[in-house]
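Below is one structure, written out as structure tokens, with a few remarks after it.
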Amino acid sequence: MWEYTSKVKEHFLNPSNVGEIENPDGIGDVGSLSCGDALRLTFKLDENEKIIDAKVKTFGCASAIASGSALTEMMIGKTVAEAEEISNQQIADYLGGLPKEKMHCSVMGQEALEKAIACYRGTTIEEKEGELVCECFGVTDLEIIRAVQENNLKTIEEVTNFTKAGGGCERCHGDITKILLEVQHQPQPEEEKKPQLSNIQKMRLIEETIEREIRPSLQLDGGDIELIDIIGNRVIVATRGACSACKSAPITLKNLVEAKLREFVSPDLVVEEVSK
Amino acid sequence: MKPVYVDNNATTRVAPEVFAAMEPYFCEMYGNPSSMHSVGGTIGPKLKAARKQVADLIGAQPDEIIFTSCGTESDNTAVHAALTADPARRHIVTSRVEHPAIGSLAGSLSKQGYRITEIPVDGDGCLDMKLLEESLTPDTALTSIMWANNETGVIFPVEKIAAMCRQRGITFHTDAVQAVGKIPINLALSHIDMLSLSGHKLHAPKGVGALYVRKGTKFSPFMIGGHQEKGRRAGTENVPGIIALGKACELAGANLEKENTIVKSLRDRLESELIRLIPEAKVNGTVKARTPNTSNISFANIEGESILLMLNEFGICASSGSACTSGSLEPSHVMRAMGVPFTMAHGSIRFSLSIYNTEEDIERIIKELPPIVKRLRELSPFT
């Protein structure tokens, strides 16, 4: 038996906002009978693009019904722009978590929301143009890439849990492995989307990151670093205190300092120690 | 609220008589039957009696019974024995609707170079007998077909298939885990070479099973070690389990008629009422040849896990062939092999009764299920 949280049970046994809004401002249909779960989301806006009502109809297991219910509660009262930020992880978190095999239910909720918003704006979602990877569940490469990036997925099993891809005949497992490898060797697209930083902004962000994310853990060991210069993507630092005598300082620079700077500032930064 | 347990094809309650019979073998009669002293020495005759109780239920000789740990071990042992007996033959015939104990094993053997023929079933869950007969070749080492299907209860004509195999010199094994104790079985009158049964499906505890091996069948052990079971299954005997299985088989023999009258009529009432009260509901599997305790019904456009969890709120315990309950993403291989459409397969529910079910149990399901189906259909975008 699945270990559902009490929140999931609550939303399954007494789902909120069940039904369909007449003349909705947006409508999103995802899933299908053959896949075993499907969801129809409708919403209504006021004059300020605020969602004043949302309703959902769900076919599927307890976690699918609960995800639909949670989604409507989360989006009502938000503007379209705010609702657009709701991620599948947030839906799962709202329910106190989902069993990992059921994460695809939260993905389905997020996709319905995205579709309904696209419908309201009169645009279509480009991801449908992707190439079909999983024939059993009709999942495209773009859908898989997105799930992998947004949820930091590492294995075929995780991809199946989030997208269902690969959960049927398993013939696409080779393609999924290829996608996993490609994504791992690519800079994250969110970072690509981040606005280009001016040099001053970049410098400030690096300083802030060192102050907030790096220095405290170095100081725990009696060490420290100082920012010396930034040349293009090269961040030149000097080690201080215990770090300057420590043999593993170069490793710390790579694993901690560079990793943090890449995470918070830019993925192409390289940390170098100033020559002593 | 006392649960209404209608999931007896998954496992059964241990009969109180069975529990009473096995209980002394934990703290009082705990000896090892192989020992040369009286604490162990008193156990041997008890095992002998249990072996006879099991043999009597299926029309076998006591020395044709090997005790195992479960149905899966019995199945693995049988397949291993048949393949080892004739290593030159590299072909196995089985069905598409076997329990994983045979189905996954066949898949694994196919990776080792065996050729596997999986006989399909029709929409009623019945085997394609013509294709089965045509599939038997001089290279066929083993045919293994279940006696009754665990999901639908559909009974296969295994005695007929065994005769076909005998004519051709092919070993025949049947996984009879769902049939033993539910329908009369007399192996003395059949050509079945090997048969698996499981204790916990007939009111004995989990952890004990048996394999019938017809006298004269070439056999080689799966578990290697001591001399137990005449060298056919090493490992110290699960004495309490074996005593329990013996008692459970004796009870099953005594209850066989009850199973086919009282249990069957409860099942039939449940089935006909649900079909009458709930629109777009359909029985899966032929009603012409089914175990008396099983009913598998599909409810269109809703999903099985949701039905089960809502039934659970009313203390009703059943099971489903839906994808979500199995941990996989596709509906059960039995529903797919039968070609049950997706609209129906995801909403299939199995009710499997036992002699412990009462009329009140059945009335509770008949009362609670129709509103659940209605409610889930109201939630569904397809209705």
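Because only heavy atoms are used, hydrogens play no part in the values below, and waters and symmetry mates are left out as well, while side chains stay in. Lettering of chains follows the sequences in order, A, B, ..., and the numbering in each one begins at 1.
- Annotation for A:Glu135: atom CD does not count as buried by contact number, only 12 or fewer foreign heavy atoms lying within 6.0 Å.
- Residues satisfying the side-chain contact (heavy atoms from CB on, under 4.5 Å) test with A:Val139, not counting sequence neighbours, are A:Cys134, A:Phe137, A:Glu143, A:Ile144, A:Thr163, A:Ala165.
- Environment of CZ in A:Arg121: crowded, with over 12 heavy atoms of neighbouring residues, nucleotides or ligands closer than 6.0 Å.
- In this structure, chain A has a heavy atom under 4.5 Å from the side chain of B:Glu313, while its backbone stays farther away.
- Chain A is approached within less than 4.5 Å, heavy atom to heavy atom, by no residue from residues 92-104 of chain B.
- With contacts defined as side-chain heavy-atom distances shorter than 4.5 Å, the pair B:Ser306/A:Ile65 qualifies.
- Summarising the geometry, atom CG belonging to B:Leu379 is positioned 9.5 Å from atom OG belonging to A:Ser69; distances are rounded to the nearest 0.5 Å.
- Under a cut-off of 6.0 angstrom, the local environment of NZ in A:Lys50 is sparse, with at most 12 non-hydrogen atoms contributed by other residues, nucleotides or ligands.
- Looking at A:Leu13, both its backbone and its side chain come within 4.5 Å of chain B, counting heavy atoms on both sides.
- Contact annotation for B:Asn312: only side-chain heavy atoms (C-beta onward) come within less than 4.5 Å of a heavy atom of chain A.
- Under 4.0 Å is where a charged nitrogen must lie from a carboxylate oxygen, and between B:Glu305 and A:Lys102 at least one such pair does.
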Would B:Phe382 and A:Lys57 count as a side chain to side chain contact (heavy atoms under 4.5 Å, CB included) here? Give the steps. CA-CA 9 Å; B:Phe382 297 110; A:Lys57 288 196 119 185; over 6 Å; no
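- Closest approach of B:Arg375 and A:Pro15 over heavy atoms only: NH2-CD, 3.3 Å.
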Could you walk me through whether B:Ser380 and A:Thr58 pass the side chain to side chain contact (heavy atoms under 4.5 Å, CB included) check? CA-CA 5 Å; B:Ser380 168; A:Thr58 314; over 6 Å; no
Just do the side chain to side chain contact (heavy atoms under 4.5 Å, CB included) check on A:Phe12 and B:Leu309 with the steps written out, would you? CA-CA 9 Å; A:Phe12 162 61; B:Leu309 291 179; 3.5 Å; yes
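- Residue-environment remark: CD (B:Gln112) exceeds the threshold of 12 foreign heavy atoms within 6.0 Å.
- Heavy atoms from other residues, nucleotides or ligands lying under 6.0 Å from OH of B:Tyr114 number more than 12.
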